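This one's a predicted model, so the numbers in the text were calculated from it and none came from an experiment.
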Amino acid sequence: MDRYLVFGHPVRHSKSPFIHTLFARQTQQELEYGLAEPAIDEFANALQVFFAQGGKGCNVTVPFKEQAFTLVDRLSPRAKRAGAVNTIKLTDDGVLLGDNTDGAGLVADLKSHGVTLADSRILLLGAGGAARGALAPLLAELPSELVIANRTHTKAQQLAAEFCDLGPVTAQTYEQLAGPFDLVINSTSASLQGELPPLVPALIHTDIAIYDMMYGASDTAFISWAKQHGARQTMDGLGMLVEQAAEAFTVWRGIRPGTKQVLRELKRNLGVI
């Protein structure tokens, strides 16, 4: 049976085995999917051993995505742009192909919620790996402007400069931000600590769409804050998790699974519904 893993540290909380088991059942694919939590300095060796022992593919999560970028034999265009790899496939000719499905998963989830990206003004909070992975897919949707804001402004400037060939992307400090924005995406990990990006409430209006890449059994701190200030459409990153997994499954198996039922089952599993 074909073997797949998700590598991370920590990774025991991961819902990837649950998701991919449902995908395999739905598409009648014979595979098993497990977890691997090597020590921080043992990832390269663990990856090599997994594929040497017959592994077919893997997902890679925090903190190994940038390291995986350097360990594969070939990179997809979107992985090159992201500077990080979250999906690895062993090809038929023995090549380790590195891909990044995070941005595609984000865009797919936004569209599933009816969010219009073309000609929209988007605010992206954060300038780390999650933001980097999202930029090219977001710009491919032809927004009118994409603004990056980050606590360390120089990081936002560097990111904007790197991606400005793909579309209208600029960097602003939190103090410079002026609305209206059609969509705000929080790619920071602030919600994991129950913290908020330093946004002024005046940026929130009833027609804005709010997206937090983090998720949980209840609203994240950012989503709760946005609702308090009048946002009617708010989304967390659970759908992105399922959509990026579906993209990875397609890379591995050449067949795209449906996501709606799997997302419902995942919400049930988490106690969200």
Side chain to side chain contact (heavy atoms under 4.5 Å, CB included) evaluation trace for T27 with R253:
CA-CA 10 Å; T27 57; R253 310 299 294 187; over 6 Å; no
Is the shortest side-chain heavy-atom distance between [X] and [Y] below 4.5 Å?
X    : Y    : answer
V200 : L177 : no
Y215 : T220 : no
P143 : L117 : no
R132 : S187 : no
L183 : V115 : yes
H9   : P63  : yes
F249 : Q29  : yes

Take L138 and V107 through the side chain to side chain contact (heavy atoms under 4.5 Å, CB included) test and state the conclusion after the steps.
CA-CA 7 Å; L138 285 171; V107 168; 4.1 Å; yes
Hey, can you tell me if F23 and H20 have their rings parallel, tilted or perpendicular (30° and 60° cut-offs)?
perpendicular
Verify the cluster assignment for [X] and [Y]: are they in a single hydrophobic cluster under the rule of side-chain heavy atoms below 4.5 Å apart?
X    : Y    : result
Y211 : L124 : yes
L135 : L110 : yes
I208 : L196 : yes
Y33  : V262 : yes
V85  : V6   : no

As an exercise, state the distance from [atom1] of [X] to [atom2] of [Y], rounded to the nearest 0.5 Å.
X    : Y    : atom1 : atom2 : answer
W225 : D219 : CH2   : CG    : 14.0 Å
K15  : L270 : NZ    : CG    : 5.0 Å
D99  : T101 : CG    : OG1   : 6.5 Å
T234 : K227 : OG1   : NZ    : 4.0 Å
Q157 : T170 : CD    : OG1   : 10.5 Å
L238 : L266 : CG    : CG    : 4.5 Å

Step-by-step side chain to side chain contact (heavy atoms under 4.5 Å, CB included) determination, L159 to N150:
CA-CA 10 Å; L159 206 53; N150 189 58; over 6 Å; no
Using only atom types and a distance under 3.5 Å, with no angle test, would you say the side chain of [X] pairs donor to acceptor with the backbone of [Y]?
X    : Y    : answer
D182 : R121 : yes
Q233 : H113 : yes
Q26  : G258 : yes
T206 : A231 : no
N100 : A84  : yes
T70  : Q67  : yes
W252 : I88  : yes
K89  : V251 : yes
D73  : L96  : yes

Qualifying side-chain hydrogen bond (donor to acceptor under 3.5 Å, both in side chains) pairs, either residue in residues 36-57, two or more places apart:
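For residues 36-57: R12-E37.
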Closest approach of [X] and [Y], non-hydrogen atoms and distance?
X    : Y    : answer
I148 : A160 : CD1-N, 3.9 Å
G8   : T61  : CA-CG2, 3.6 Å
N186 : P197 : OD1-CG, 3.9 Å
A136 : L166 : CB-CD1, 3.8 Å
H229 : I204 : O-CG2, 3.5 Å
F163 : R81  : CZ-O, 3.3 Å

Just do the side chain to side chain contact (heavy atoms under 4.5 Å, CB included) check on R264 and Q261 with the steps written out, would you?
CA-CA 5 Å; R264 280 195 294 269; Q261 182 59 35; 2.6 Å; yes
For the CG atom on D92, are there more than 12 heavy atoms of other groups (residues, nucleotides or ligands in this structure) within a distance under 6.0 Å?
no
Determine whether more than 12 heavy atoms belonging to other residues, nucleotides or ligands lie under 6.0 Å from atom CD of E30.
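Count not over threshold, so no.
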Salt bridge or not for K111 and E243, using N-O below 4.0 Å?
no
Polar contact flag, side-chain donor to acceptor under 3.5 angstrom, S16-N59:
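Judged by distance alone, the side chains do not pair up.
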Using distance alone, with no hydrogens and no angle criterion, decide if Q158 and E162 have a side-chain donor and acceptor under 3.5 Å apart.
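E162 and Q158 do not have a side-chain donor-acceptor pair below 3.5 Å.
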Take E247 and R78 through the test salt bridge (charged side-chain N to carboxylate O under 4.0 Å, His left out) and record every step on the way to the result.
CA-CA 12 Å; E247 187 78 8; R78 57 189 180 184; 2.9 Å; yes
Qualifying residues under ring pair (Phe, Tyr, Trp, His ring centres under 6.0 Å), relative to H205, sequence neighbours excluded:
none
Residues in ring pair (Phe, Tyr, Trp, His ring centres under 6.0 Å) with F43, at least two apart?
F7, F64
